[in-house]
Amino acid sequence: MLNDENISEINGTVEAITFHNEANGFTILEFSTEEELVTVVGTFLNVFVGEEMTVYGNWVYHQSFGRQFKASSCERRLPNSAAAFLRYLSGGAIKGIGPSTAVKIVEKFGDKTFDVLENEPLKLTAIKGISMAKAVQFSDEFKKQFAIRETILSLGAFGLTSEECIKVYKKFGGQSFSAVSENPYVLCREGINLGFVRVDEIANKINPSSPQSHRLNAGIIFVIRHNLGNGHTCIPRNKLTTPCANLLAVDAETIEIEIDNMIDAKELVCVKVKDKEYIYLPSTYNAEMAAAQRIKILQKFPPICANAPESEIELAEENLGIKYEEMQKIAISEALQRGMFILTGGPGTGKTTTLNAIIWIMERQGLHVTLTAPTGRAAKRMSEVTGKEAKTVHRLLEASFTPDEQHTFARNEQHPLDTDVVIIDEISMVDIYLFDSLLAALPFGCRIIMVGDSNQLPSVGPGNVLEDLITTEKIPVVKLNEIFRQSGNSMIVNNAHKIINGQAPELRRKDGDFFHLERPNPHDVASLVQSLYAERLPKTYGYSPLFDIQVLCPSKKGNLGTINLNRVLQEKLNPHDFSKQELNLNGRILRIGDKVIQTTNNYDIIWKKDDKTEGTGVFNGDIGIITEINHRESVISVRYDDRIAAHPFETAAKLDLAYAITIHKSQGSEFEAVIIPTLFVPPQLCYRNLFYTAVTRAKKLLITIGTVQTIEEMTKNNNKAKRCSCLKYFLKDT
């Protein structure tokens with residue numbers, strides 16, 4: 001089947017299934033060959049005890065369990081004897097046929113069992129207990145099993161992995177091969193998401209005569225999706241034609257004709273703003289337009305205003321022990337009286353104390369206030385500063401995943417949230433899809449208060465929600481600018497405000513909480529990062545390297561990127577030790593005691609708190625410590641604060657070392673001490689907002705290591721990449 005001379009193959013029978021994940025097919029098998037019993041690890045869909053197959057892959061050595069076979073693909077065969085049929089059916093291959101029924105079927109039909117199941121199922125009714133309906137059900141299930149196998153076998157021949165074949169089958173079912181044969185470019189579609197260049201190669205093999213329109217369609221959508229990855233919700237038509245023509249090696253006129261055809265077929269949406277055309281994917285257009293429409297409805301039918309007399313604010317001051325400045329009082333009053341309100345400001349300007357007064361007064365007036373934030377760490381920090389429960393937006397909206405791993409929310413227009421007020425922190429991190437979903441779940445008459453720092457990085461996903469909402473001037477905004485006395489002595493706070501104003505930060509002082517260490521050599525920077533992180537800061541300040549100190553890098557790559565610094569810091573703090581279990585993920589080592597970060601939301605991960613309460617869900621940005629690696633059960637246990645979560649091995653790719661993380665990943669978090677390498681920053685990452693975001697993550701101590709020149713270049717460069725969005729125009733269009 002495979003020509004790669006480095007690939008091995010083994011033939012045998014499935015003896016036992018040690019582990020199987022239904023969602024992605026990750027499986028651990030006990031596999032019997034003529035010579036021995038082998039452990040096989042790989043991706044298999046609907047595998048059953050008794051199956052005979054040829055498995056292709058490589059032999060690997062497992063630290064705890066010795067030699068294993070890591071499967072890359074397989075060929076599955078029908079059992080060829082009555083005894084093999086019995087074993088296969090008894091293993092649960094067909095829903096509804098257990099061991100006793102399997103015995104009756106095989107005794108009755110012997111070597112013709114599978115022919116009866118496939119072609120003459122009504123003969124099964126001769127067996128007592130099998131009705132006509134059950135006979136048809138057994139036959140349909142049997143055919144389904146082999147449709148899945150046929151998909152994996154047929155598409156695997158064109159280079160698709162088992163995981164990719166499973167995605168195709170989930171989308172097209174028994175018609176998978178015919179769907180791909182007719183139009184190979186369906187492999188680019190959402191839910192499968194193979195890269196265009198690779199699919200182009202597959203198309204030339206599987207159907208060279210596929211209509212050109214299929215290829216043009218896929219290429220245009222690929223370019224638009226690439227721009228979504230850069231934060232744009234749409235792309236100007238005049239900037240779409242050239243990259244598409246270059247990718248597809250056709251002339252601009254051909255692209256223009258295909259774009260028009262796709263617009264007519266509603267595969268793309270064209271929006272005209274000031275005589276300029278913008279091209280959207282329908283899902284992104286629907287999210288941006290729906291968000292604008294919902295905002296207009298909220299403004300047209302505002303909630304009954306809460307009272308905001310001066311006496312209420314004075315009472316809040318008395319109970320909270322805080323004297324509010326004039327702009328804070330204006331913010332409190334606006335929040336109480338408006339249906340939608342934005343509170344923004346930099347570090348040390350009193351956003352948190354203002355927010356606490358708003359919550360206190362609203363709850364005193366009998367309103368149900370719900371707190372939320374886009375990430376787990378941001379929600380945790382919101383809970384800490386307010387003393388109230390805060391949930392991630394995904395958790396608040398009761399998110400789950402569809403079979404093709406897309407989000408769906410139980411809370412929506414038909415099943416809205418049960419609350420009077422939603423306060424969302426770190427709104428700058430929210431992309432247009434999540435913002436639209438949150439607005440859709442607001443009940444009629446609900447207030448929404450959005451809190452954030454408009455100078456921080458925008459969302460990772462498409463959209464520029466906070467900036468668009470502010471610039472449209474359709475929603476009340478209060479920006480807090482005054483640095484309060486308790487923060488005025490902080491060089492972190494003062495320098496953050498200088499940076500965002502384009503002024504060089506003060507780097508000469510040695511008696512504050514912001515220090516710069518000049519090091520022009522990257523090797524020296526890495527060495528000093530290691531020394532400060534592992535030895536000097538813990539010794540001088542009593543900080544824990546695992547819990548208090550965080551290295552923030554502009555980039556993943558290079559000598560001063562997260563990949564290399566994590567390797568350096570792991571070697572220093574948690575080196576290889578035969579007494580510690582570890583997991584090798586294609587050369588990336590995770591071991592007990594490592595500091596790790598979850599890089600995506602996973603709502604199925606099970607956790608247990610120290611008080612024995614249980615729940616599910618680990619979120620993008622959660623940082624924890626590996627406490628156990630159980631190879632027999634294929635589980636990594638990670639402690640996140642007061643809970644321990646169990647990560648199956650097949651999700652381990654979503655765990656990264658977290659001694660050093662990117663600045664983008666740090667959004668919504670705060671750390672006692674932050675170390676930032678500032679040398680040889682890639683040009684596309686050498687800009688003001690990125691540096692400002694990193695600086696504002698530090699609570700008590702910030703150290704930059706590199707050159708003053710790099711810091712000044714980042715501070716001066718305010719040419720952040722502009723995001724293309726029409727939300728502000730949709731809001732202005734009345």
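This is a predicted model, so every value here is computed, not measured.
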Return yes if some donor-acceptor pair links the side-chain N/O of [X] with the main-chain N/O of [Y] below 3.5 Å, else return no.
{"X": "Thr678", "Y": "Thr704", "result": "no"}
{"X": "Ser383", "Y": "Ala379", "result": "yes"}
{"X": "His497", "Y": "Pro347", "result": "yes"}
{"X": "Gln598", "Y": "Thr600", "result": "yes"}

If you apply the rule side chain to side chain contact (heavy atoms under 4.5 Å, CB included), what do you find for Phe435 with Ile295, and how did you get there? CA-CA 11 Å; Phe435 186 58; Ile295 288 172; 3.9 Å; yes
Glu473 atom CD: more than 12 heavy-atom contacts under 6.0 Å: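 Result for CD/Glu473: open.
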Does this structure show an ion pair linking [X] with [Y], if we count only N-O contacts that are shorter than 4.0 Å?
{"X": "Glu535", "Y": "Lys539", "result": "no"}
{"X": "Asp642", "Y": "Lys608", "result": "no"}
{"X": "Glu467", "Y": "Arg723", "result": "no"}

My understanding is that only one of Leu702, Leu690, Ile663 makes a side chain to side chain contact (heavy atoms under 4.5 Å, CB included) with Leu552; could you say which?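 Going through the options one by one, the only one that passes is Ile663.
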Matching residue for Asp622 among Lys665, Arg643, Lys380, Arg377 - test: salt bridge (Lys or Arg N to Asp or Glu O under 4.0 Å):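 With Asp622 as partner, Lys665, Arg643, Lys380, Arg377 yield a single salt bridge (Lys or Arg N to Asp or Glu O under 4.0 Å), made by Arg643.
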Aromatic plane relationship, His394 with Phe409 - under 30° parallel, 30 to 60° tilted, over 60° perpendicular: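 The arrangement is tilted - the two ring planes meet at 30° to 60°.
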